[in-house]
Each structure stands twice: as C-alpha cells, then as structure tokens.
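Order of listing sets the numbers, starting from 1, for every ligand and every atom in it.
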Amino acid sequence: MPAKQYLFTPGPTPVPPQVLAALGEPVVHHRSPDFQPVYERTLARLREVCRTESDVLLFTASGTGAFESAVANLVSPGEPHLVVSAGNFGERWAQMATAYGADVDHLRYAWGETPAPEDVRARLRERGAKAVWLVQSETSTGVVADVKALAAAAKEHGALVVVDAVSSLGAVPCETDAWGLDVVVSGSQKALMTPPGLGLAAVSEAAFAAVGTSPRFYFDWERTRAAQRKLDAPFTPSVSLVAGLDVALGMLLDEGLDAAFERHVRLGRACRAGAKALGLELFSPDEDRSAVVTAIRAPEGVASGEVVKALRDRFGITIADGQGDLKGRVFRIGHIGWFDQFDVATALSAVELVLADLGADVERGIAATAALEAFEAQPVA
Ligand code: PLP
C-alpha cells in the first residue's frame with residue numbers, strides 16, 4: 001500500500017495545511033469570546049464568497065442538510081414546485097421535495113444533459129411554481145449549468161430560485177444577488193477546502209418572506225438567522241470546522257474569487273486536454289464552464305471501477321467512479337479547491353499507467369504534457 005495519499009475526488013477535496021493546523025487548535029466554547037470573532041469573520045467571509053448582502057446561515061451538517069433546510073423552510077404540503085434535474089443530485093432534490101409533500105413538477109433530463117432556460121420557461125408557462133430548484137454543478141456528470149440564464153427564466157414567472165452550489169461555490173461564479181438567486185446552498189468539503197461537516201444556505205429576504213408550514217426545528221431558518229445575528233449559535237456548532245473554514249475562506253479571498261474561477265477554468269481545460277491526449281472520450285462537456293469535475297468514459301473493455309481500484313491500490317490515488325447508471329462506465333477526476341495543474345498531471349499520469357496495465361489502447365507519455373500546456377494556454381477572457 002503506497003504511503004502517500006492523493007485525494008482527487010469532487011469532494012471531499014484536499015485540505016491545505018493551514019486549515020489542518022486550525023482544525024488542530026484547542027477546542028473553544030461556542031458562546032465565549034474565543035469563538036465569537038471567528039464566527040463573525042467566517043459569516044462575513046461566507047457572504048463575500050456567496051456575493052450576497054443577505055444572511056448566510058451556517059449549519060453543522062453536510063450539504064444535503066443545508067439543502068434540506070431550504071426544502072423544510074420553503075415547501076408547504078401541496079404547493080407546486082419545479083425541480084430541474086440532469087443527474088444524481090437534481091433527482092435527490094426532487095425526491096426530497098416530494099417527501100415534504102410538495103406537488104413536484106420534475107423537469108427531468110437524461111444524466112449528462114445541460115438544462116435549458118427555454119424548457120424552464122415552457123414548464124412554468126404550463127404550471128406556475130413557488131420555487132424553481134436548480135443544480136449549478138451536477139457532480140455526477142460534470143455539467144455546470146448556466147444558472148444565471150435558468151434563474152432569469154424562473155424570475156420571469158415570479159418563482160423563487162434555489163440553487164445547489166455544493167460542488168461549485170468558490171470554483172465557478174455564483175452571483176447570488178446579481179443573478180437574483182434566493183437561496184444558494186453549499187458545503188464545506190468541496191471548493192471551500194475544509195473537511196465535510198458544515199453546510200450553508202444564503203437566503204434572500206424574499207425567501208424568508210415565503211417560508212412555509214412544514215415542520216422544522218434544527219433547520220429552521222429564522223431560528224438560525226436570529227441567533228447568528230447575535231453571534232450566539234442556536235446549537236453547538238462544530239467550532240473546529242468553523243475555525244478551519246475561516247482560514248480556508250481567507251485563503252480563497254486572498255487569492256481573489258475571480259483568480260480562483262480562472263484557475264478552475266484552466267484546471268478543467270488541463271484535465272480534458274490530458275484525457276483526450278490519452279485517446280479517451282469525455283463524458284462531461286468539453287467547455288470552459290465545466291471546471292469542477294471531469295467525467296471520462298472508461299475505454300472499451302475496461303470497467304471504470306477497475307481504474308478507480310487500481311489507482312488506489314497502486315498509487316494511493318482516490319478518484320470517483322460514476323454514480324447511478326454511469327457506475328462502471330465513467331470515472332471522475334475532481335479539480336476543485338486546493339488543487340493545481342500538477343495535481344491534474346499526477347492524476348492523468350497515473351490513469352495512463354493503470355489503463356495501460358489493464359490492457360487499454362492508450363496513447364503513452366503525452367497526457368501530462370497536454371494537460372500542462374492546456375493549463376498555460378491562452379488567458380481566460
Ligand atoms: N449536491 C452536489 C452537487 C454534490 O456534489 C453533493 C455532494 O457530493 C451534494 C449535493 C451532497 O452534499 P453532501 O454529501 O455534503 O450532503
């Protein structure tokens with residue numbers, strides 16, 4: 001078993017040493033002056049990263065928990081909601097909204113398709129919805145949707161817009177206020193470079209005004225907002241994770257959000273160029289927006305799970321298999337957060353070795369070069 005471990009999945013992602021150091025600090029009390037400045041700074045930084053003036057509610061929960069807060073607060077039984085899905089996570093949200101009793105209109109695309117604003121318009125013309133539920137980065141397929149355009153279509157029909165930005169916040173632009181997004185949900189373990197365990201929801205005034213009647217307690221938005229405004233968390237937060245997130249957000253803001261977005265575009269380009277140089281076929285779209293995770297089809301005669309297993313066993317490299325029907329057919333390399341071009345080159349070099357071992361017909365010796373060249377190629381407009 002190799003001693004060195006590499007985490008190249010679309011979440012959890014590698015955690016920088018500065019963040020790990022903060023996680024290792026002594027635990028402080030969440031209602032003490034030892035914690036409150038950290039809490040205050042983290043909440044302010046979250047507003048900056050979400051590009052919003054609204055409150056960003058922080059929960060000790062994974063991204064799904066933060067998303068459930070949106071469902072529990074916005075859905076009342078019997079109400080019409082439009083859920084747009086094109087992969088695993090969109091389908092999860094349709095199930096969740098249904099579980100809360102929403103009358104769900106499910107605009108369901110095949111996995112790997114890119115949702116179109118005209119389809120949202122057409123569905124809303126047929127039947128209005130209190131909210132339209134979108135996934136920005138569908139991690140199961142590598143597709144990053146055009147949330148700005150989709151949200152504009154929803155707004156034309158007066159619907160609230162809720163966005164799953166779990167794997168995209170901090171990696172690709174998500175302009176909460178400028179695009180009129182009412183709720184943006186994310187989690188700590190993706191582009192925010194922190195271990196799993198914190199979920200967040202940026203919530204607009206319009207969304208607060210529209211809360212429904214579903215039962216809720218831990219995830220009640222008003223309870224958390226009122227407590228956060230006094231820097232007095234409603235329940236014991238994971239103080240160590242908040243301390244880590246504070247450092248990670250500081251790193252992201254020091255780099256600059258626009259610089260981070262450009263880096264992710266370049267990383268996506270690098271990963272796609274390297275995979276193509278190997279002779280592999282992409283599953284995710286070959287476009288700049290696809291900057292979070294690259295989904296690659298396993299070559300003829302090779303199961304993607306074999307690639308994933310061999311990378312782990314031989315090199316200590318963890319990548320992700322496909323989900324759902326794509327399991328066994330695609331493998332996914334995540335390139336978000338604390339990630340650089342040499343990580344992409346490492347991942348692809350190892351994929352090359354493993355595929356050659358598995359008898360696949362791959363082009364040898366050029367993937368890393370192609371990736372590094374694509375990373376350096378013409379500046380992002
Ligand atoms: N939504 C997307 C797009 C994701 O990538 C994930 C996690 O992989 C989730 C939701 C669920 O988040 P969590 O696993 O933190 O609950």
Side-chain angles (χ1 to χ4, degrees), residues 7-15 46 50 57-72 83-97 99 108-109 111-115 133-147 150 161-174 181 183-202 218-219 238 241-242 244-245 248 264 268 283-285 289-295 308 318-324 326-327 330-337 339:
L7 188 55
F8 295 155
T9 69
T13 64
V15 175
L46 282 174
C50 293
L57 310 179
L58 190 56
F59 300 101
T60 299
S62 76
T64 304
F67 204 92
E68 182 147 357
S69 84
V71 176
V83 181
V84 181
S85 82
N88 186 36
F89 294 100
E91 291 186 2
R92 179 183 292 179
W93 307 144
Q95 281 174 18
M96 193 187 271
R108 186 178 196 169
Y109 293 91
W111 288 34
E113 287 187 24
T114 302
W133 303 72
L134 304 169
V135 178
Q136 184 172 30
S137 161
E138 181 45 82
T139 319
S140 59
T141 66
V143 171
V144 174
D146 184 351
V147 163
L150 294 166
V161 176
V162 183
V163 178
D164 167 355
V166 174
S167 62
S168 48
L169 187 73
V172 301
C174 185
L181 311 179
V183 185
V184 170
V185 171
S186 194
S188 52
Q189 80 275 23
K190 311 265 182 178
L192 302 185
M193 305 182 287
T194 303
L198 293 177
L200 60 103
Y218 186 83
F219 286 125
S238 173
L241 285 175
V242 175
L245 182 62
H264 284 89
F283 179 81
S284 46
R289 212 167 54 214
S290 187
V292 171
V293 52
T294 300
V308 174
T318 305
I319 64 166
D321 200 350
Q323 294 181 308
L326 298 176
K327 196 171 170 59
V330 309
F331 55 90
R332 295 172 298 143
I333 300 174
H335 28 78
I336 44 173
F339 213 90

So is G187 close enough to ligand 1, meaning a heavy atom under 4.0 angstrom away?
no
Hey, could you give me the OG1/CD distance between T141 and Q323, rounded to the nearest 0.5 Å?
9.5 Å
Which atoms of ligand 1 sit under 4.0 Å from any heavy atom of S62?
13 (P), 15 (O), 16 (O)
Regarding S137 and S167, is there a side-chain donor-to-acceptor distance under 3.5 Å anywhere?
yes
Atom 1 (N) of ligand 1 has as its nearest protein heavy atom D164 OD2, 2.6 Å
Distance under 4.0 Å to a non-hydrogen atom of W93: what atoms of ligand 1 satisfy this?
1 (N), 10 (C)
Any chance you could measure D164, atom CG, to W93, atom CH2, to the nearest 0.5 Å?
5.5 Å
With heavy atoms only and a cut-off of under 4.0 Å, state how V166 meets ligand 1: side chain, backbone, both or neither.
side chain
If we count only N and O atoms by modelled type, under 3.5 Å, do the side chains of R332 and T9 hold a donor and an acceptor together?
no
Could you label the plane-to-plane angle of the F339 and F8 rings as parallel, tilted or perpendicular, counting under 30° as parallel and over 60° as perpendicular?
perpendicular
Check step by step if side-chain hydrogen bond (donor to acceptor under 3.5 Å, both in side chains) holds for E91 and W111.
CA-CA 10 Å; E91 291 186 2; W111 288 34; 2.9 Å; yes
Proximity to ligand 1 by part of Q189, non-hydrogen separation under 4.0 Å:
side chain
Just distances here: any N/O of T139 and N/O of ligand 1 closer than 3.5 Å?
yes
I need the nearest protein heavy-atom contact for atom 6 (C) of ligand 1: residue, atom name and distance, please.
F89 CE2, 3.3 Å
Interatomic spacing from NE2 in H264 to CD1 in I336 - rounded to 0.5 Å:
6.5 Å
With heavy-atom distances below 4.0 Å as the criterion, list the atoms of ligand 1 near R92.
11 (C)
Interatomic spacing from CG in L150 to CD in Q136 - rounded to 0.5 Å:
10.0 Å
Ignoring hydrogens and angles, state whether a donor on the side chain of T194 or S188 is under 3.5 Å from an acceptor on the partner side chain.
no
Please check whether E138 reaches ligand 1 - meaning an N/O of the residue sits under 3.5 Å from an N/O of the ligand, judged on distance alone.
no
Taking heavy atoms and a distance under 4.0 Å, where does K190 meet ligand 1: side chain, backbone, both or neither?
side chain
Where ligand 1 meets T64 - atom numbers and elements under 4.0 angstrom, heavy-atom basis:
11 (C), 12 (O), 13 (P), 16 (O)
Check whether any heavy atom of S137 sits under 4.0 Å from an atom of ligand 1.
yes
